Amino acid sequence: MGTHIGQHITELRKIRRLSVRQLATRINVSVSSLEKYERGSRTVPSGLIAKLAQALAVGPERITGQPYLNGVESDEQIQAVIPDLRRIMITYDSPDAPTRAPRPLAALATEAESVARLRQDGRSVVMGSWGRCCPGC
């Protein structure tokens with residue numbers, strides 16, 4: 001199943017470091033309504049898309065899931081993941097003895113393909129947080 005508008009709202013809200021309550025206040029809806037929009041259990045009214053876009057400082061096409069990012073958002077997304085990427089890169093070639101066995105080449109190839117797809121889809125934030133989904137990271 002594809003990504004719904006609520007998932008885009010949640011992702012953008014987190015990028016902007018806003019709580020559900022803060023965003024709900026900015027767009028003048030109740031917290032429970034915003035939570036329902038984010039879960040996808042309630043359809044986001046078309047009139048609310050513009051308010052969300054303004055509150056999240058993005059174009060409305062980003063809320064609705066268009067693949068094209070505006071320059072400001074792209075820069076902010078990239079900047080948001082740099083600390084995690086830096087942490088991963090600093091520890092990547094650690095001279096300490098590994099605490100677990102290296103993963104098989106086939107598993108690494110599969111993960112590399114997944115990251116490449118995320119990059120092609122413009123999902124820098126997800127790509128930058130990739131290491132957090134792996135055991136031991």
Side-chain angles (χ1 to χ4, degrees):
M1 184 173 160
T3 305
H4 59 77
I5 289 176
Q7 290 170 311
H8 295 287
I9 296 168
T10 302
E11 177 183 76
L12 292 165
R13 177 178 56 76
K14 289 179 180 180
I15 288 169
R16 299 291 184 249
R17 296 189 173 139
L18 294 170
S19 68
V20 173
R21 181 173 302 284
Q22 289 170 320
L23 181 55
T25 299
R26 286 185 182 191
I27 62 172
N28 200 28
V29 299
S30 69
V31 170
S32 65
S33 290
L34 181 55
E35 288 171 336
K36 290 174 185 173
Y37 298 144
E38 287 191 349
R39 281 193 311 266
S41 61
R42 180 181 285 174
T43 302
V44 180
S46 58
L48 192 59
I49 300 289
K51 285 183 178 182
L52 282 162
Q54 183 177 9
L56 295 167
V58 297
E61 68 281 355
R62 185 64 177 101
I63 302 288
T64 58
Q66 295 298 314
Y68 307 104
L69 302 174
N70 65 38
V72 173
E73 182 185 357
S74 180
D75 288 346
E76 287 181 16
Q77 281 186 318
I78 291 169
Q79 293 300 319
V81 298
I82 286 176
D84 287 333
L85 288 172
R86 183 175 288 129
R87 178 187 56 80
I88 291 166
M89 291 177 71
I90 287 171
T91 60
Y92 182 74
D93 288 324
S94 175
D96 301 331
T99 58
R100 59 185 179 156
R103 289 175 286 171
L105 184 57
L108 293 174
T110 300
E111 289 177 16
E113 289 172 3
S114 296
V115 170
R117 278 193 303 276
L118 291 171
R119 184 185 59 77
Q120 290 170 347
D121 292 344
R123 298 182 64 199
S124 303
V125 173
V126 178
M127 186 173 64
S129 63
W130 184 262
R132 285 190 247 148
C133 68
C134 301
C137 289

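Everything quoted here is computed from the prediction, not taken from an experiment. Along the sequence shown, residues are numbered consecutively beginning with 1.
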Polar side-chain atom of Gln7 near backbone of His4 as donor-acceptor pair, under 3.5 Å: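 Indeed, once roles are kept as given, a pair shorter than 3.5 Å links the two residues.
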
- prompt: Mind checking what makes salt bridge (Lys or Arg N to Asp or Glu O under 4.0 Å) contact with Arg13, not counting sequence neighbours?
  reply: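 Residues passing salt bridge (Lys or Arg N to Asp or Glu O under 4.0 Å) with Arg13: Glu38.
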
field: Heavy-atom pair with the smallest gap, counting every atom of Ala55 and Ile27
entry: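 In terms of heavy atoms, the two residues are closest at CB-CG2, 3.7 Å.
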
field: Residue pair Arg103 / Glu111, side-chain heavy-atom distance below 4.5 Å
entry: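 Sidechains of Glu111 and Arg103: in contact.
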
query: Hey, what do you get for CG (Leu12) to CZ (Arg62), rounding to the nearest 0.5 Å?
result: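 Result: 5.0 Å between the selected atoms.
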
- prompt: Under 3.5 Å, is there a donor-acceptor pair between the side chain of Ser41 and the main chain of Tyr37?
  reply: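 Such a contact is absent between Ser41 side chain and Tyr37 backbone.
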
task: Using side chain to side chain donor-acceptor pair (under 3.5 Å) as the criterion, list what pairs up with Gln22, not counting sequence neighbours.
output: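 Side chain to side chain donor-acceptor pair (under 3.5 Å) check on Gln22 returns Ser19.
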
message: Are Val115 and Leu108 connected into the same hydrophobic cluster when the rule is that any two of I, L, V, M, F, W, Y join if their side-chain heavy atoms are below 4.5 Å apart?
response: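 Each belongs to a different hydrophobic cluster.
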
message: Checking the side chain of Thr110 only, and the main-chain atoms of Ala106 only, is there a donor and an acceptor separated by less than 3.5 Å?
response: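 Side chain of Thr110 to backbone of Ala106, a donor-acceptor pair under 3.5 Å: yes, one is there.
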
task: To the nearest 0.5 angstrom, please state how far the CD1 atom of Ile15 sits from the OG1 atom of Thr10.
output: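 Taking CD1 in Ile15 and OG1 in Thr10, the distance rounds to 11.0 Å.
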
task: State, yes or no, whether a side-chain contact exists between Ile9 and Leu34 at a heavy-atom distance under 4.5 Å.
output: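 Side-chain contact under 4.5 Å: yes.
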
task: Would you mind checking if Glu35 and Arg21 are paired as a salt bridge, meaning a charged N to carboxylate O distance below 4.0 Å?
output: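 Salt bridge between Arg21 and Glu35, a charged N being under 4.0 Å from a carboxylate O: no.
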
- request: Check for a donor-acceptor pair, side chain of Arg16 on one end and backbone N or O of Ala57 on the other, with a separation under 3.5 Å.
  value: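 Side chain of Arg16 to backbone of Ala57: a pair is present.
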
query: To the nearest 0.5 Å, how far apart are CG in Leu52 and CG in Leu23?
result: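 Answer for the CG-CG pair, Leu52 versus Leu23, is 6.0 Å.
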
- request: Over all heavy atoms of both residues, which pair between Ala53 and Gly59 is shortest? Give the atoms and the distance, please.
  value: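 Closest approach of Ala53 to Gly59: CB-C, 3.9 Å.
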
field: Min side-chain heavy-atom separation Leu56-Leu18 under 4.5 Å
entry: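 When only atoms from C-beta onward are counted, Leu18 and Leu56 do touch, with a gap below 4.5 Å.
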
